[in-house]
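What follows is a set of notes on a single structure, which appears directly below.
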Amino acid sequence: MSLCEKNIFKSIFDEWNQSIQRFIQARKIAAEDAADLTQECFVRLWKNCHKVSRDGASSYLFKLAQNISIDHFRKQQVRLKYTGQMASKSEKEDGQYLMEMQEFKERLEKAIDGMSEASRVVFVMHRMENYSYKEIANQLEIGIKAVEKRMHKALKYLSEQNILKKR
Amino acid sequence: MSESEDILLSKWLQNKLSAEEKLMLEEQYDLESLALILERQKTLEIQTVSSDQLWDQLDSKLSHETKVDKNQSGSRRKLIWVALILLIGASLAFLLLAGSEKTIQSAKGEQVRHLMADGSIILIAPGSSITFNEKDWSNKREIQLEGQAFFDVEKGGSFVVESNQGVVKVLGTEFEIWESGKQMKVQCFEGSVSVGNLTGAEKILGVNDAIDLNNQRFSDVYNHGQLEATFKSGQMKYRAINVASLATELERFYNISVRLEKIDLNKSFTGILVLNDLEKAVEYLSKTMNWEYDLNEQNLIFSSN
C-alpha cells in the first residue's frame, strides 16, 4: 500500500486535512491561508510519497504543518463555528439562548486568541481535535509534562477571562 | 509555586485530582464556571475550508507534480548528458569557490526563517545575520551570528554558533541567542547547550535554562519561563540592558530611527519590550524610564523629563 497510489493518498487526505487546517489555524493563521498551507503540506507529502509509510503520514504532515506555519504572518483571529451538535431543538429555537451562545462564541474566540501560541495549540488539539496529552506530546515532540503545563496555562487564562458574563 | 501546581488544571480536566489538590484549586479558581465554559466550548470548532473544495484544488497540483515527474523520466538520456555537463561545471565552480561563505541577513523590522540542508531551522530575528559554509555544512555545522536568532537543530554531529561575545555548542535541539554590544543571552528550550565565553569559561544549560553574559562575565543560570522563541512571542524581556543598546533594539525590531536626547547613557533598563505595537512599546518605556517621547512616523525621540 504505497502513498503514491492516488486512492490511498486521497484516503490520507480525507482523514487528516481538516485536522491539519485546524492545527495551522491554532497558530492564528487565517482560514484561507491555512487551507493554502495545508495544500502545501499535502503536495510535499505527495512528492515524498515513496519515503513515507501510510502509518507515518500523519506525524509527517503535522511536522510539516508546524514547520510551514512557523514564520507565516499571523495577526488573524481564530474563527469558530458550531459543530452542529449544539443544543436541543427547543434551545435552537430560543432566541435568547442563541444570542447568548453567539456572545459566548465571540468571547471564546477572543480568549483563544489571547492565549500564548504554545498553550493555544495544545488547547485546540486537546479540546477540538480530541487528542490525548500523550498524542499531543508525540506530535509536538515535547514531554507530557510540558503538554500539561501548557494546558494548565490555557485553562488558567480561560478562567481569568469573563467569558460567561457580559462585560 | 510547587513543581506540580502548574499542571493542576490539566489534572482537573482529566479527573485526576486528589481531594486536597481539588480544595487548593477551588480556592484559586471558579471551577464550576470553567466547567461550563468547556461544556459550551464543545459545541464549537475551528472553521475550515471544506475537504471537497480543498481536494479539487490539490488534485490539479498533484497532477502537475506527476506530469513533471513523467516528463523527466521520458527524457532521461538527455538529462544524463545535461547532468554530466553540469557536474563538470559544478566541480570547477566548487574548486574556484571552495571555502566561500553564505550570509543570510534579515532587514530591520523583518524576520527570516532559513532551512539548512540538514533540516535544521534558523529563525533570524530582525536586523540580524548568520554566516556559514554552505558547501561544507554536512561536515562542519558552524555558524557565525550577529544579533539574535532561534535555532531548532536537527540531530547529527556537533552544531556550533559563534557570536561576538561567546560560543554556543549544541548538545541538544532548541535554543535562542541574543546579543547586543557586550551583552549576550542564551536560552535553551529543548535538550542542552554549552555556552563558552571568549576566555574559555563554559556553562551548560538544560531545558528552560537561561544565562546572561555581560562583559564576558556569566550570570547565574536562571529559568527563562518562555515556551517559544522570545521574539516570536511578541515581546522581549531585558535584564539591565544599557539604554543605548535598548534604542538599537527598538530600531532593529521596528525599523525606525531612535534618538536619545539629554539621557544618561549609563542608565540601564529592565523590563519588557512589546514587539508588535510600536506605540504601546514606546508608551511603556516612557513610563518605566520616566522619559518623554515624540513619535512621528519613522522617527522616535526620547528625552529626559
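Chain A is the first sequence line, chain B the second, and so forth, proteins listed ahead of strands; every chain is numbered from 1. These numbers come from a predicted model, not from an experiment.
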Atom pair [atom1] ([X]) and [atom2] ([Y]), whose distance is rounded to the nearest 0.5 Å:
| X | Y | atom1 | atom2 | value |
| --- | --- | --- | --- | --- |
| B:S10 | A:H126 | OG | NE2 | 8.0 Å |
| B:L13 | A:E148 | CG | CD | 10.5 Å |
| A:L164 | B:E32 | CG | CD | 10.5 Å |
| A:L158 | B:Q41 | CG | CD | 8.0 Å |

Run the salt-bridge test on A:K153 and B:D6 with the 4.0 Å N-O cut-off and return the result as yes or no.
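Salt bridge: no.
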What I'd like to find out is whether the side chain of [X] reaches to under 4.5 Å of the side chain of [Y], using heavy atoms alone.
| X | Y | answer |
| --- | --- | --- |
| A:I142 | B:E190 | yes |
| A:Q21 | B:I46 | no |
| B:K42 | A:M128 | no |
| B:R113 | A:N67 | yes |
| A:L155 | B:L38 | yes |
| A:Q39 | B:W55 | no |

Do you know which two heavy atoms are closest between [X] and [Y], and how far apart they sit?
| X | Y | result |
| --- | --- | --- |
| A:Q18 | B:V49 | NE2-O, 2.9 Å |
| A:F13 | B:S51 | CE2-O, 3.5 Å |
| A:H152 | B:I7 | ND1-C, 3.7 Å |
| B:L62 | A:V43 | CD2-CA, 4.1 Å |

Step through the shown structure and confirm whether more than 12 heavy atoms of other residues, nucleotides or ligands are within 6.0 Å of NZ on B:K22.
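It does not: B:K22 NZ has 12 such atoms or fewer within range.
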Among B:L25, B:D30, B:L34, which one satisfies side-chain contact (heavy atoms from CB on, under 4.5 Å) with A:S159?
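Going through the options one by one, the only one that passes is B:L34.
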Tell me which of these, B:L8, B:D52, B:L31, B:V207, has more heavy-atom pairs under 4.5 Å with chain A than the rest.
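Counting heavy-atom pairs under 4.5 Å, the top option is B:L8.
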Residue pair B:L58, A:W46: steps toward the side-chain contact (heavy atoms from CB on, under 4.5 Å) verdict:
CA-CA 10 Å; B:L58 180 65; A:W46 180 249; over 6 Å; no
Would you mind checking which part of [X] comes under 4.5 Å of any heavy atom in chain B, side chain (CB onward), backbone (N, CA, C, O), both or neither?
| X | answer |
| --- | --- |
| A:F23 | neither |
| A:E141 | backbone |
| A:A35 | both |

Region of [X] that comes under 4.5 Å of a non-hydrogen atom in chain A:
| X | answer |
| --- | --- |
| B:Q14 | side chain |
| B:L115 | neither |
| B:L54 | both |

Passes salt bridge (Lys or Arg N to Asp or Glu O under 4.0 Å), A:K10 versus B:D59? Steps please.
CA-CA 9 Å; A:K10 171 79 162 59; B:D59 199 23; over 6 Å; no
Evaluate the criterion side-chain contact (heavy atoms from CB on, under 4.5 Å) for residue pair A:K105 and B:L44; output intermediate values, then yes/no.
CA-CA 8 Å; A:K105 179 174 97 83; B:L44 294 164; 3.8 Å; yes
